Amino acid sequence: MAHRLLVRRIWTLSVKDHRCLPASTSSFSTSLRSSTTPLSLLSPKRTLPRSLPHTSRREVSFNVQDHEDFTERVINSELPVLIDFHAQWCGPCKILGPRLEKAVAKQKGKVAMAKVDIDDHTDLAIEYGVSAVPTVIAMRGGDVIDQFVGIKDDEALDSFVSKLVGQ
């Protein structure tokens with residue numbers, strides 16, 4: 001989606017530049033050669049805006065970087081947090097991850113989701129008793145509220161997340 005927006009923005013800018021070419025009775029190629037400013041999208045005079053327009057959307061999930069990051073963003077979080085303990089080599093984890101993100105996104109910012117790779121953060125996996133992946137732990141105020149291991153269907157995931165939020 002971002003790629004399409006960028007291509008559309010560049011196309012719009014190049015069409016505007018084409019319309020601004022100097023009018024001349026000679027051919028198109030000579031008018032380009034006689035122009036004092038070269039036509040370039042990368043010239044300093046013609047730069048793209050700093051950021052493309054975007055919707056004000058909160059990130060649905062984040063990857064935990066280290067134990068300190070986990071403490072700051074999960075344990076000390078004001079929001080309830082779903083913690084997805086996963087591994088790159090785990091097939092069920094690859095199926096569950098996007099479905100969990102979708103269930104969390106339905107809550108519209110009422111819950112956060114932390115993703116913890118057990119190969120990178122073995123200490124966290126041991127601390128929370130993760131013996132199989134995927135393991136999902138629901139935490140509110142630094143306390144474990146609920147957890148499950150394995151894959152659940154979309155309705156069960158929505159119910160699990162709603163219970164964490166308190167609906």
Side-chain angles (χ1 to χ4, degrees), residues 1-14 16 41-42 44 46-167:
M1 174 103 178
H3 182 262
R4 281 189 198 150
L5 289 173
L6 182 62
V7 168
R8 186 177 297 154
R9 179 64 52 104
I10 291 173
W11 173 255
T12 305
L13 291 174
S14 65
K16 286 179 185 174
L41 290 175
L42 300 177
R46 187 70 167 167
T47 58
L48 292 174
R50 289 181 187 242
S51 65
L52 293 174
H54 63 281
T55 58
S56 60
R57 174 178 85 97
R58 208 173 186 176
E59 281 299 316
V60 173
S61 64
F62 59 90
N63 291 319
V64 172
Q65 304 301 320
D66 54 22
H67 203 285
E68 209 173 282
D69 185 43
F70 183 84
T71 302
E72 180 183 324
R73 296 172 79 179
V74 176
I75 295 175
N76 296 336
S77 174
E78 294 177 8
L79 291 174
V81 181
L82 269 183
I83 309 161
D84 176 20
F85 286 93
H86 69 280
Q88 293 293 324
W89 46 264
C90 170
C93 299
K94 293 177 183 179
I95 295 169
L96 182 65
R99 291 172 54 206
L100 259 178
E101 287 183 359
K102 193 181 298 182
V104 169
K106 287 179 185 177
Q107 296 299 323
K108 299 180 181 173
K110 295 178 186 173
V111 64
M113 181 176 153
K115 296 190 271 186
V116 179
D117 189 326
I118 63 162
D119 292 329
D120 294 338
H121 307 292
T122 311
D123 56 334
L124 287 172
I126 292 170
E127 184 178 337
Y128 287 93
V130 175
S131 58
V133 286
T135 295
V136 178
I137 297 177
M139 188 177 279
R140 186 184 308 130
D143 298 324
V144 174
I145 304 298
D146 201 359
Q147 67 181 21
F148 69 87
V149 178
I151 294 184
K152 290 191 174 210
D153 63 1
D154 290 337
E155 289 177 17
L157 290 176
D158 289 340
S159 172
F160 186 81
V161 174
S162 294
K163 186 170 86 172
L164 175 63
V165 173
Q167 294 179 341

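Keep in mind the model is a prediction, meaning the values are calculated, not measured.
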Checklist entry - Tell me, do Val149 and Thr135 make a side-chain contact under 4.5 Å, heavy atoms counted? => result yes
Item to check | Heavy-atom pair of closest approach, residues Leu82 and Val161 | outcome: CD1-CG2, 3.5 Å
Item to check | Gap between atom NZ of Lys102 and atom CG of Asp154 - 0.5 Å precision | outcome: 6.0 Å
Checklist entry - Can you name the closest pair of heavy atoms from Arg99 and Ile151 and give their distance? => result NH1-CG2, 3.4 Å
Item to check | Backbone of Val116 reached by a side-chain donor or acceptor of His86 within 3.5 Å | outcome: yes
Next on the checklist: If I compare all heavy atoms of Gln88 with all of Lys94, which pair ends up nearest, and what's the gap?
Outcome noted: O-CE, 2.9 Å
Checklist entry - Do you know which two heavy atoms are closest between Pro134 and Pro92, and how far apart they sit? => result CD-CB, 3.9 Å
Checklist entry - Which pair of non-hydrogen atoms, one from Asp84 and one from Gly97, has the smallest distance, and what is that distance? => result OD2-CA, 4.1 Å
Checklist entry - What's the shortest heavy-atom distance between Ala114 and Val64, and which atoms? => result CB-CG2, 3.9 Å
Next on the checklist: Are the side chains of Leu124 and Ile83 in contact, using a 4.5 Å heavy-atom criterion?
Outcome noted: no
Checklist outcome for this item: Distance col, row Lys163:NZ vs Asp158:CG, nearest 0.5 angstrom, shows 13.5 Å
Checklist entry - Just how far is it from atom CD of Glu101 to atom NZ of Lys115, taken to the nearest 0.5 Å? => result 4.0 Å
Checklist entry - Out of curiosity, Ser162 OG to Lys110 NZ, how far, rounded to the nearest 0.5 Å? => result 9.0 Å
Checklist entry - From Ile118 CD1 over to Cys90 SG, what is the distance, rounded to the nearest 0.5 angstrom? => result 8.0 Å
Checklist entry - So Asp146 and Leu164, side-chain contact (heavy atoms from CB on, under 4.5 Å) or not? Walk me through it. => result CA-CA 8 Å; Asp146 201 359; Leu164 175 63; over 6 Å; no
Checklist entry - Is there side-chain contact between His121 and Asp123, with heavy atoms separated by less than 4.5 Å? => result yes
Checklist entry - Can you say whether the rings of Phe85 and Tyr128 are parallel (under 30°), tilted (30 to 60°) or perpendicular (over 60°)? => result tilted
Next on the checklist: Is any side-chain heavy atom of Trp89 closer than 4.5 Å to one of Val133?
Outcome noted: yes
